[in-house]
Asks: 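Please read through the structure below; I'll follow up with questions.
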Amino acid sequence: MAEGSVLIIGAGGVGAVVAHKCAAVPSVFQKIILASRTRSKCDKIAAQVGGSRIKTAQVDADDVDQLVELIESFQPEMVINVALPYQDLTIMEACLRTKTHYLDTANYEPRDVAKFEYHWQWAYHDRFRDAGLMALLGCGFDPGVSGIFTAYALKHHFDEIHFLDIVDCNAGNHGKAFATNFNPEINIREITQRGKYWEDGKWIEVDPLSVRKDISYPEIGPKSSYLLYHEELESLVRNIPGLKRARFWMTFNEQYITHLRVLENVGMTGIKPVRFQGMDIVPLEFLKAVLPEPSSLGEGYTGQTSIGCQIRGVRDGKPRNYYVWNNCDHAQVYREIGAQAVSYTTGVPAMIGGMMMLTKTWKGQGVFNVEEFDPDPFMSELPRYGLPWHEQVDGQLAFDDYR
Ligand code: NDP
């Protein structure tokens, strides 16, 4: 194993950001290899980064043997998985076989059911522990920084957190009629499933996009936000004691919702194969093929994202409100590394998570979620690498339905 070396898998919007950001910190990421299904995408990113910082390779990450061969030939200390959630388990398996640490930004999802749950990956805990390895799950922005923000709030501002609302706004305009900001297939599977939140010890389900609220975001103003199920709710409910309610909200504009409804109504978001000209085709996979790639959206993208946690709890016996957030400007990150803000806000935390692991600032044996570690070192790296954060204590929150 070569110390300070990383294998990044996935050369899409997020993979490009992780590669750029790792390359900019040679003291930690001494050697970098970027591998993906389509090698030309890796070569393009490596050329943009310049010099000979990044080696590239082709790999089908659905195939454990191919992954093992690649890992054995390069001997990285860790793998950063920014391919698709479908590949999480094969990559974890290959890491176990080769004694390599693991990090990802999205939890495992089987192809044939749109269910993103942690239990498949948590089940690897004992095997990682027994091998003396660490796997860090969900280290993007949300999941990722949303959990770190929550852990930071608990450490510094609360004795107990009772109400958590994660609020995710993209107020950007990419000028396309319809495009998703990360992988279209994964994004549409997430949005079209039933909404779900945690309240009083149980999960409550609602129809897809049926609960809406105007939430005002810093420097942006009010935007229609919809209650969604999002994977970090599952780990936060497990890891943050005393939570009475945890919800997740995301903005969508009317144009996006209208396109999505039409696509759903005509069956284009389905994940069951349909027979077409003698072949089985998954409608959503076909739709992905005709939509713009997330990595192509950066040019001309204007406006900001704003993602944060609105928290209500108690400190010293008194109720307390707390809001912590980051705003990220699409045009600014395009100027910096040619990315758009959704890829950027995911890729930067993935790089910082890798840094936490390689420097042993965060260490553990087994499978972990980000909120299980000390948030302070991560929080201090965020602004340094392009994601400044802000906080407001005891101000007004968007919600008043606290008990
Ligand atoms: P893209 O679609 O832009 O990129 C996905 C990349 O994975 C492509 O390079 C693709 O290759 C590669 N890939 C797909 N299948 C395989 C395979 N079998 N073997 C090797 N490589 C493969 O997606 P994004 O970059 O937008 O998203 C990447 C990940 O980040 C997703 O899992 C997404 O859910 C996650 N994410 C997490 C967020 C967070 O905040 N936590 C937010 C946004 C995204 P090819 O080009 O050949 O198709």
Side-chain angles (χ1 to χ4, degrees), residues 7-20 33-45 56-67 70 79-91 94 103-109 111 114 116 118 121 136-149 166 168 170 179-191 228 230-233 235 248 250 284-285 287-289 291-298 305 307-308 326 328 339-353 369-370 387:
L7 163 62
I8 303 165
I9 303 182
V14 179
V17 176
V18 177
H20 273 91
I33 182 164
L34 174 62
S36 195
R37 186 166 52 189
T38 313
R39 186 170 182 171
S40 57
K41 292 191 184 174
C42 305
D43 292 338
K44 191 171 160 204
I45 295 166
T56 64
Q58 196 278 332
V59 73
D60 177 358
D62 288 320
D63 182 336
V64 179
D65 291 334
Q66 277 193 35
L67 285 163
L70 173 66
V79 171
I80 296 183
N81 166 19
V82 280
L84 298 183
Y86 311 133
Q87 282 88 46
D88 288 2
L89 301 188
T90 44
I91 299 177
L103 176 152
D104 68 30
T105 66
N107 67 8
Y108 173 70
E109 210 180 309
R111 277 181 204 272
F116 31 96
Y118 277 118
Q121 291 182 276
L136 184 61
L137 308 184
C139 194
F141 207 102
D142 47 344
V145 177
S146 54
I148 293 160
F149 278 172
I166 300 167
D168 177 330
N170 180 5
T180 63
N181 293 285
F182 65 95
N183 184 274
E185 202 182 321
I186 304 302
N187 186 226
I188 291 173
R189 283 163 71 112
E190 174 177 294
I191 294 163
L228 292 187
H230 224 238
E231 62 200 60
E232 67 265 52
L233 296 178
S235 72
F248 183 96
M250 190 179 272
L284 183 56
E285 286 178 8
L287 177 62
K288 182 210 169 248
L291 288 176
E293 298 220 3
S295 57
S296 71
L297 296 176
T305 60
I307 315 175
N326 160 262
C328 185
Q340 40 97 343
V342 176
S343 308
Y344 191 89
T345 53
T346 310
V348 170
M351 179 280 284
I352 298 175
N369 292 91
V370 292
L387 296 177

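Since the model is a prediction, treat every value here as computed from it, not as a measurement. Whatever order the structure lists them in is the order used to number ligands and atoms, beginning at 1.
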Asks: Within the structure, does L84 bring an N/O atom to less than 3.5 angstrom of an N/O atom in ligand 1?
Replies: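 So ligand 1 has no N or O lying under 3.5 Å from an N or O of L84.
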Asks: Which pair of non-hydrogen atoms, one from G144 and one from V370, has the smallest distance, and what is that distance?
Replies: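 Smallest heavy-atom distance, with atoms named: O-CG2, 3.3 Å.
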Asks: Relative to the heavy atoms of V59, which atoms of ligand 1 are at a distance of less than 4.0 Å?
Replies: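 It comes down to these atoms of ligand 1: 19 (N), 20 (C).
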Asks: Which of the atoms in ligand 1, numbered in the order shown and given with their element, are less than 4.0 Å from a heavy-atom of A106?
Replies: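 Matching atoms, with element in brackets: 32 (O), 34 (O).
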Asks: Output yes when a side-chain donor or acceptor of Q66 lies under 3.5 Å from a complementary backbone atom of D60, and no otherwise.
Replies: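 Present.
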Asks: Minimum distance, heavy atoms only, to atom 29 (C) of ligand 1: which one of A35, G12, A350, A83 is it?
Replies: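 Among A35, G12, A350, A83, the closest heavy atom to atom 29 (C) of ligand 1 belongs to A83.
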Asks: Ignoring hydrogens, what is the shortest heavy-atom contact between P184 and K288? Give both atom names and the distance.
Replies: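 For P184 versus K288, the nearest heavy atoms are CG-CG, 3.7 Å.
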Asks: Can you name the nearest heavy-atom pair linking G13 to S343, along with the distance?
Replies: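 Of all heavy-atom pairs spanning G13 and S343, the closest is O-CB, 3.4 Å.
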Asks: Need the ligand 1 atom indices (1-based, order shown) with element for anything under 4.0 Å from a heavy-atom of I186.
Replies: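 It comes down to these atoms of ligand 1: 34 (O).
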Asks: Using a 3.5 Å cut-off on N or O atoms only, is D62 in polar contact with ligand 1?
Replies: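 D62 vs ligand 1: N/O contact under 3.5 Å present.
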Asks: Show the atoms of ligand 1 that are less than 4.0 angstrom away from any heavy atom in D60.
Replies: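 Matching atoms, with element in brackets: 17 (C), 18 (N), 19 (N).
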Asks: So if I count the atoms of ligand 1 from 1 in the order they appear, which ones are less than 4.0 Å from some heavy atom of P85?
Replies: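 Here the atoms of ligand 1 in question are 32 (O).
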Asks: At what distance is the nearest protein heavy atom to atom 38 (C) of ligand 1, and which residue and atom is it?
Replies: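 For atom 38 (C) of ligand 1, the nearest protein heavy atom is T346 CG2, 3.3 Å.
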Asks: Is the F149 ring parallel, tilted or perpendicular to the F141 ring (thresholds 30°, 60°)?
Replies: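 F149 and F141: perpendicular rings.
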Asks: Tell me the closest heavy-atom pair linking I8 and A19, and the distance in Å.
Replies: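 Distance-wise, the nearest heavy atoms are CD1-CA, 3.7 Å.
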Asks: Give me the residue, atom name and distance of the protein heavy atom closest to atom 27 (O) of ligand 1.
Replies: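 In this structure, atom 27 (O) of ligand 1 has V14 CG2, 3.7 Å as its nearest protein heavy atom.
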Asks: For atom 9 (O) of ligand 1, what's the nearest protein heavy atom and its distance?
Replies: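 Among all protein heavy atoms, the one nearest atom 9 (O) of ligand 1 is A11 N, 3.0 Å.
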Asks: Check ligand 1 against T38 and write out every atom of the ligand that is under 4.0 Å from a heavy-atom position of the residue.
Replies: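 Taking each heavy atom of T38 in turn, ligand 1 has 45 (P), 46 (O), 47 (O) under 4.0 Å.
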Asks: Quick test: of every protein heavy atom, which one is nearest to atom 33 (C) of ligand 1, and how far off is it to 0.1 Å?
Replies: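 Minimum-distance protein heavy atom for atom 33 (C) of ligand 1 reads F182 CD1, 3.9 Å.
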Asks: Where is the tightest heavy-atom contact between L297 and T180, given as atom of each residue plus distance?
Replies: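 Shortest heavy-atom contact: CD1-O, 3.4 Å.
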Asks: Is there a side-chain contact between T305 and Y344 (heavy atoms, below 4.5 Å)?
Replies: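 Answer no - side chains too far apart.
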Asks: Given side chains that start at C-beta, do those of N326 and V145 come closer than 4.5 Å, heavy atoms only?
Replies: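 They are not in contact (no side-chain heavy atoms under 4.5 Å apart), so the answer is no.
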Asks: Measure from atom 48 (O) of ligand 1 to every heavy atom in E185, K288, R37 and give the option owning the shortest one.
Replies: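 Heavy atom nearest to atom 48 (O) of ligand 1 belongs to R37.
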Asks: So does L84 get a backbone contact from the side chain of Q87, meaning a donor-acceptor N/O pair under 3.5 Å?
Replies: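 Confirmed, Q87 side chain pairs with L84 backbone.
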Asks: Can you tell me which residue and heavy atom of the protein come closest to atom 23 (O) of ligand 1, and the distance to 0.1 Å?
Replies: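 The closest heavy atom on the protein side is N183 CB, 3.5 Å.
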Asks: Any side-chain heavy atom of T346 within less than 4.5 Å of one from F182?
Replies: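 No; the side chains remain at least 4.5 Å from each other.
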Asks: What protein heavy atom sits nearest atom 12 (C) of ligand 1, and how far away is it?
Replies: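 Of every protein heavy atom, S36 OG, 3.5 Å lies nearest to atom 12 (C) of ligand 1.
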Asks: Do the non-hydrogen side-chain atoms of Q121 and D88 ever get within less than 4.5 Å of each other?
Replies: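 A side-chain contact exists here, since the closest heavy-atom pair is under 4.5 Å.
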Asks: Give a yes-or-no answer on whether the side chains of E232 and S235 include a donor-acceptor pair shorter than 3.5 Å.
Replies: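 Judged by distance alone, the side chains do not pair up.
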Asks: Do any heavy atoms of P294 fall under 4.0 Å from ligand 1?
Replies: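 Yes, P294 has a heavy atom closer than 4.0 Å to ligand 1.
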Asks: Is there any N or O on G10 that sits under 3.5 Å from an N or O of ligand 1?
Replies: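 No, no N or O pair falls under 3.5 Å.
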Asks: Where is the nearest protein heavy atom to atom 30 (O) of ligand 1: which residue, which atom, and how far?
Replies: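 Nearest neighbour among protein heavy atoms for atom 30 (O) of ligand 1, to 0.1 Å: T105 OG1, 3.3 Å.
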Asks: If you measure from atom 46 (O) of ligand 1 to every heavy atom of E231, Q87, K41, which option wins on shortest distance?
Replies: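 That would be K41.
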Asks: Go through ligand 1 atom by atom and flag the ones less than 4.0 Å from a non-hydrogen atom of G13.
Replies: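 Reading through ligand 1 atom by atom, the close ones are 3 (O), 25 (O).
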Asks: Need the ligand 1 atom indices (1-based, order shown) with element for anything under 4.0 Å from a heavy-atom of A61.
Replies: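 Answer, ordered by atom number: 17 (C), 18 (N), 19 (N), 20 (C).
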